[in-house]
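Notes to accompany the following structure.
Being a predicted model, the structure only gives us computed values, none of them experimental.
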Amino acid sequence: QVQLEESGGGLVQAGGSLRLSCAASGGTFSSYAMGWFRQAPGKEREFVAAISRGGGSTYYADSVKGRFTISRDSTKNTVYLQMNSLKPEDTAVYYCAARYGSSWSSLSYEYNYWGQGTQVTGSS
């Protein structure tokens, strides 16, 4: 059983930056590809970014490409989402997810474990 805990959310002005962290415990971190998803009020959960088990492959939603960067640190069992040039439309609860296996996925149902989420609010 893998537990995931997100942190780093908050309120930021448009154009600002935040770094989200997701600490994993209870499993072998290197066995899992990791992803970030988000859910805005009244909308469905959507894919943001993912990284392969080894960290060598990443994938981004078009809406965040060039602004967000996903990375992972196996020494800390942590995955990060660096968010730059934030926009009001980035406002959402951001969730970290773990998928057993080597490759990333943009499909939420392919992820086995989820964190509780952290709120990100971009103000205009």
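Put simply, the side chain of Tyr111 gets close to the backbone of Ser105: a donor and an acceptor are under 3.5 Å apart. Listed for the Gln13 side chain is no donor-acceptor partner under 3.5 Å among the backbone atoms of Ser123. At distances below 3.5 Å, not a single donor-acceptor pair connects side-chain atoms of Gln116 with backbone N or O atoms of Glu5.
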Query - Test salt bridge (charged side-chain N to carboxylate O under 4.0 Å, His left out) applied to Asp62 and Lys65, step by step - result: CA-CA 5 Å; Asp62 287 344; Lys65 199 172 296 182; 3.1 Å; yes

Requested in this report: Please test Ser108 against Phe47 for side chain to side chain contact (heavy atoms under 4.5 Å, CB included), starting from the C-alpha separation and ending with a verdict.
Outcome: CA-CA 7 Å; Ser108 60; Phe47 170 76; over 6 Å; no

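Between Cys96 and Val79, the shortest heavy-atom distance links the atoms SG-CG1, 3.8 Å. Considering every non-hydrogen atom in both Tyr80 and Asp73, the closest pair reads CE1-CB, 3.9 Å. Between Ser17 and Asn84 the shortest heavy-atom distance is OG-OD1, 2.9 Å. Scanning all heavy atoms of the two residues, the minimum distance from Ala14 to Pro88 falls at CB-CD, 4.2 Å. Listed here is the closest heavy atom pair of Ala33 and Ser102: CB-O, 4.2 Å.
Here the side chains of Phe37 and Val93 are not in contact, with every heavy-atom distance at 4.5 Å or above. Two residues are said to be in side-chain contact when any heavy atoms from C-beta on lie closer than 4.5 Å; Tyr60 and Arg67 fail this criterion.
The side-chain hydrogen bond (donor to acceptor under 3.5 Å, both in side chains) search around Trp104 returns Ser57, not counting sequence neighbours.
Identified under the side-chain hydrogen bond (donor to acceptor under 3.5 Å, both in side chains) test for residues 42-56, with sequence neighbours left out: Arg38-Glu46.
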